[in-house]
Amino acid sequence: MAFMAKVHLTGAQATMLATLYGRALDAESSHPLLNDTMALDAVRKIDADFGATGLHRSDRITVALRAGHLDAWTREFLATHPEATVLHLGCGLDSRVYRVDPGPGVRWFDVDYPDVIELRRRLYPPRDGYETIASSVTDPAWLTRVPADRPVLVVAEGLTMYLREDEGRALVRRIVDRFPAGQFVFDAFSRRGIRMQRINKVVQVAGATLHWGVDDGAELEAIAPGLRCVTALSAFSIEGYEKLGLGYRALVGVARLLPVMRRMSVFYRLEF
Ligand SMILES: C[S@@+](CC[C@H](N)C(=O)[O-])C[C@H]1O[C@@H](n2cnc3c(N)ncnc32)[C@H](O)[C@@H]1O
């Protein structure tokens with residue numbers, strides 16, 4: 001172990017320790033789903049009480065499957081757009097760029113608050129075509145640093161719910177206005193999911209607040225002209241659950257049958 005990085009994060013920034021921990025637990029399990037060994041290395045180098053992040057050990061399964069799902073949508077976009085820009089917003093300590101390992105035609109930007117990016121830079125190696133941007137995603141200034149000459153893929157996992165609705169909508173509009181074409185892939189909570197944030201232990205432990213709830217693709221399409229919702233997939237319907245044990249499959253099967261649960265967390269893919 002080369003060093004121990006002390007972290008003093010609170011609020012939304014602290015929640016990324018929980019998802020990092022989930023991926024690390026998956027990587028050290030006997031049958032990893034994502035096998036993000038960089039997450040495991042990072043957890044070993046960070047001086048924090050990961051057991052106190054509010055993440056239950058069994059949550060590693062959903063964390064790993066959800067990350068894998070957005071990795072797959074990212075790879076799909078890059079397979080048809082080998083010359084592209086990727087904006088990975090609210091990246092936390094997610095090693096997605098190393099997992100996806102994009103080709104030389106891709107410029108990849110990881111964006112998060114300065115304290116998160118500072119930690120990221122200490123933990124992960126540089127690579128060609130890859131930059132980090134230390135800024136709130138809602139600050140309009142950072143986007144002007146990103147060249148606008150290629151189609152864009154915006155990937156945001158566990159971010160939208162932390163944004164205020166007007167700020168989130170303005171961010172989407174700025175990106176649509178700036179790039180010639182592209183896709184957004186992200187997860188969002190329903191408004192009911194936002195109202196139920198008191199039972200979200202990770203959010204409570206971090207002292208974070210959730211704001212933006214999305215109930216369907218039509219309200220996302222209304223953000224900017226030319227924006228089309230091509231996929232809206234319940235988080236309980238993504239691939240991978242079928243490979244799990246009977247108990248887990250039964251729980252997910254029940255969640256899929258209950259409209260309130262099915263709509264609580266949804267993966268959206270928007271095109272413009
Ligand atoms: C639940 S964590 C998810 C982190 C990462 N995407 C993952 O899956 O591990 C939420 C992340 O969103 C970031 N975030 C929240 N609001 C943000 C904002 N306005 N600007 C930049 N990052 C933000 C937090 O700092 C944190 O890293």
Side-chain angles (χ1 to χ4, degrees), residues 7-27 33-34 36 38-40 42-43 46 48 50 53-55 59-60 62-71 73-74 86-100 108-121 123-124 132-143 146 154-172 174-175 184-189 193-194 197 200-212 235 238 265 267:
V7 291
H8 303 285
L9 299 172
T10 54
Q13 289 95 312
T15 61
M16 63 92 191
L17 293 174
T19 41
L20 177 74
Y21 184 44
R23 291 188 296 276
L25 287 173
D26 170 67
L33 299 165
L34 187 70
D36 184 348
M38 289 183 78
L40 187 55
V43 159
I46 294 173
F50 284 94
T53 54
L55 186 109
D59 294 338
R60 70 178 191 279
T62 39
V63 170
L65 288 181
R66 289 172 189 208
H69 180 72
L70 284 182
D71 285 1
W73 274 1
T74 303
V86 176
L87 303 177
H88 184 205
L89 307 184
C91 58
L93 290 178
D94 191 346
S95 65
R96 172 158 290 123
V97 67
Y98 306 95
R99 295 197 302 269
V100 170
W108 184 300
F109 298 87
D110 271 355
V111 190
D112 209 303
Y113 284 119
D115 43 2
V116 174
I117 293 297
E118 195 265 325
L119 184 58
R120 209 187 153 89
R121 287 176 182 156
L123 289 165
Y124 296 144
T132 52
I133 298 180
S135 170
S136 169
V137 295
T138 62
D139 179 343
W142 69 267
L143 194 56
V146 177
V154 181
V155 53
E157 181 172 0
L159 170 72
T160 56
M161 50 294 278
Y162 294 96
L163 307 180
R164 293 186 186 276
E165 179 166 349
D166 57 336
E167 291 177 336
R169 293 171 75 93
L171 170 67
V172 172
R174 271 197 298 281
I175 292 171
F184 291 81
V185 294
F186 60 96
D187 55 334
F189 283 173
I194 298 291
Q197 63 185 285
N200 186 325
K201 204 157 173 227
V202 168
V203 171
Q204 293 310 309
V205 166
T209 307
L210 305 181
H211 301 284
W212 187 13
I238 61 175
S265 171
F267 283 87

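Both counts, for ligands and for their atoms, begin at 1 and track the order of listing.
D187 pairs by the salt bridge (charged side-chain N to carboxylate O under 4.0 Å, His left out) definition with nothing, not counting sequence neighbours. Applying the side chain to side chain contact (heavy atoms under 4.5 Å, CB included) rule to R174 yields the partners P140, L143, A170, L171; only residues at least two apart in sequence or on another chain are considered. Checked against side chain to side chain contact (heavy atoms under 4.5 Å, CB included), T132 has the following partners two or more places apart in sequence or in another chain: D110, I117, R120, R121, Y130.
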Would you check, one step at a time, whether the test salt bridge (charged side-chain N to carboxylate O under 4.0 Å, His left out) holds for R23 with D36? CA-CA 6 Å; R23 291 188 296 276; D36 184 348; 3.5 Å; yes
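Using a cut-off of 4.0 Å between Lys/Arg side-chain N and Asp/Glu carboxylate O, D166 and R164 are scored as not salt-bridged.
In this structure, T19 OG1 and D59 CG are separated by 11.0 Å, a value rounded to the nearest 0.5 Å.
Residues of the protein with a heavy atom under 4.0 Å from ligand 1 are A12, Q13, T15, M16, T19, R23, G90, C91, G92, D112, Y113, V116, S135, S136, V137, E157, G158, L159, Y162, L163, listed by chain and number.
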